[in-house]
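Residues take their numbers from the sequence shown, with the count starting at 1.
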Amino acid sequence: MKAGVTAEAGAHAASRTFLSLGLSALVAVMVLGTSGCGGGDRPPIGEVEGTVTLDGQPVADAQIFFEPTGGGRSSSAITDADGTYELSYMGDVKGAVVGEHLVRISTAKGATRDDNGRVTDPGQPEQFPSSYNSESTQKVTVEGGDNEINFDATSDK
């Protein structure tokens with residue numbers, strides 16, 4: 001008889017422990033869900049948009065990257081048919097960290113292959129000189145608020 005009471009008491013204690021752990025986990029999720037999403041730890045951001053041209057012509061589908069020279073998260077965008085871009089910092093947050101950035105612009109795309117290794121899209125060679133991408137010398141400063149930063153590149157022709 002005593003053994004039955006002990007097993008029942010043990011099951012009841014385990015049930016209480018499980019419930020307590022479940023409530024603790026729920027409270028932790030609620031606390032984490034309300035902190036960290038408001039951008040309180042995010043550095044100052046300035047919104048950045050502009051136009052990218054090469055030899056006076058707008059460049060569509062160019063990838064543009066702003067890399068903070070002082071470290072931190074980069075921002076990026078892809079130009080539209082008119083060569084215009086709007087940087088994204090993270091998720092729905094538009095812009096770039098306030099401060100100096102090294103800028104890289106590239107149009108290169110590698111070939112795409114199917115499952116059998118056949119080329120389905122030959123890709124695209126780089127249109128911009130290396131001083132705009134792999135050996136970039138382009139530096140800009142992003143300020144708080146709205147920034148219009150245009151790039152008028154000249155090819156190596």
Side-chain angles (χ1 to χ4, degrees), residues 18-157:
F18 180 74
L19 181 60
S20 177
L21 286 173
L23 287 174
S24 296
L26 179 61
V27 169
V29 166
M30 290 173 63
V31 168
L32 289 173
T34 59
S35 66
C37 292
D41 295 336
R42 187 173 57 225
I45 303 293
E47 291 190 18
V48 181
E49 61 183 22
T51 304
V52 176
T53 61
L54 181 62
D55 298 326
Q57 298 300 311
V59 180
D61 299 321
Q63 299 173 28
I64 184 165
F65 301 94
F66 277 47
E67 303 168 0
T69 59
R73 180 185 294 271
S74 295
S75 296
S76 63
I78 296 178
T79 58
D80 65 14
D82 296 326
T84 60
Y85 72 93
E86 181 179 16
L87 287 181
S88 291
Y89 175 71
M90 171 176 43
D92 291 339
V93 178
K94 301 292 184 191
V97 173
V98 170
E100 185 181 60
H101 292 258
L102 178 67
V103 178
R104 298 182 191 277
I105 304 172
S106 177
T107 57
K109 294 181 184 163
T112 304
R113 298 178 183 274
D114 65 14
D115 292 339
N116 295 319
R118 291 185 293 253
V119 174
T120 57
D121 181 350
Q124 178 175 315
E126 183 61 64
Q127 296 176 20
F128 285 87
S130 61
S131 62
Y132 279 89
N133 44 64
S134 62
E135 299 171 13
S136 182
T137 58
Q138 310 305 311
K139 290 190 178 176
V140 298
T141 300
V142 173
E143 297 177 359
D146 294 335
N147 296 262
E148 182 178 338
I149 303 175
N150 299 313
F151 296 93
D152 301 313
T154 306
S155 62
D156 286 336
K157 292 180 183 178

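For the side-chain contact (heavy atoms from CB on, under 4.5 Å) with V48, the lone residue among I64, L87, D146 that qualifies is L87.
The OG atom of S74 lies 4.5 Å from the CD atom of E67; values are rounded to the nearest 0.5 Å. Note: D114 CG to D121 CG = 12.0 Å, rounded to the nearest 0.5 Å. With rounding to the nearest 0.5 Å, the separation of CG in D152 from CD in Q57 is 11.5 Å. Atom OG of S155 and atom OH of Y132 lie 10.5 Å apart (nearest 0.5 Å). Atom CD in E148 sits 10.5 Å away from atom OG1 in T84 (nearest 0.5 Å). In this structure, OG on S106 lies 8.5 Å from CD on Q124, to the nearest 0.5 angstrom.
Across all their heavy atoms, T107 and P125 have their closest contact at OG1-O, 3.7 Å. In plain terms, the two heavy atoms of A111 and V119 that are nearest each other are CB-CG1, 4.4 Å. Shortest non-hydrogen contact noted between D82 and P58 is O-CB, 3.2 Å. When all heavy atoms are compared, the tightest approach of T154 to L54 is C-CD1, 4.0 Å. When every heavy atom of R113 is checked against every heavy atom of T120, the shortest pair comes out as N-OG1, 4.1 Å. Between F128 and V52 the shortest heavy-atom distance is CZ-CG1, 3.6 Å.
Around CG of N116, the count of heavy atoms belonging to other residues, nucleotides or ligands within 6.0 Å exceeds 12.
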Identify each donor-acceptor pair in which a side-chain atom of residues 90-103 lies under 3.5 Å from a protein atom, sequence neighbours left out, and give them as a table.
residue, atom, partner, partner atom, Å
E100, OE1, T69, OG1, 3.1
H101, NE2, V97, O, 2.6

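Looking only at distances, no side-chain donor or acceptor of S130 sits under 3.5 Å from a matching main-chain atom of E135.
Contact check for P43 versus Y89: side-chain heavy atoms found under the 4.5 Å cut-off.
Between F66 and F151, the angle of the ring planes goes over 60°, which puts this pair in the perpendicular group of the 30/60° scheme.
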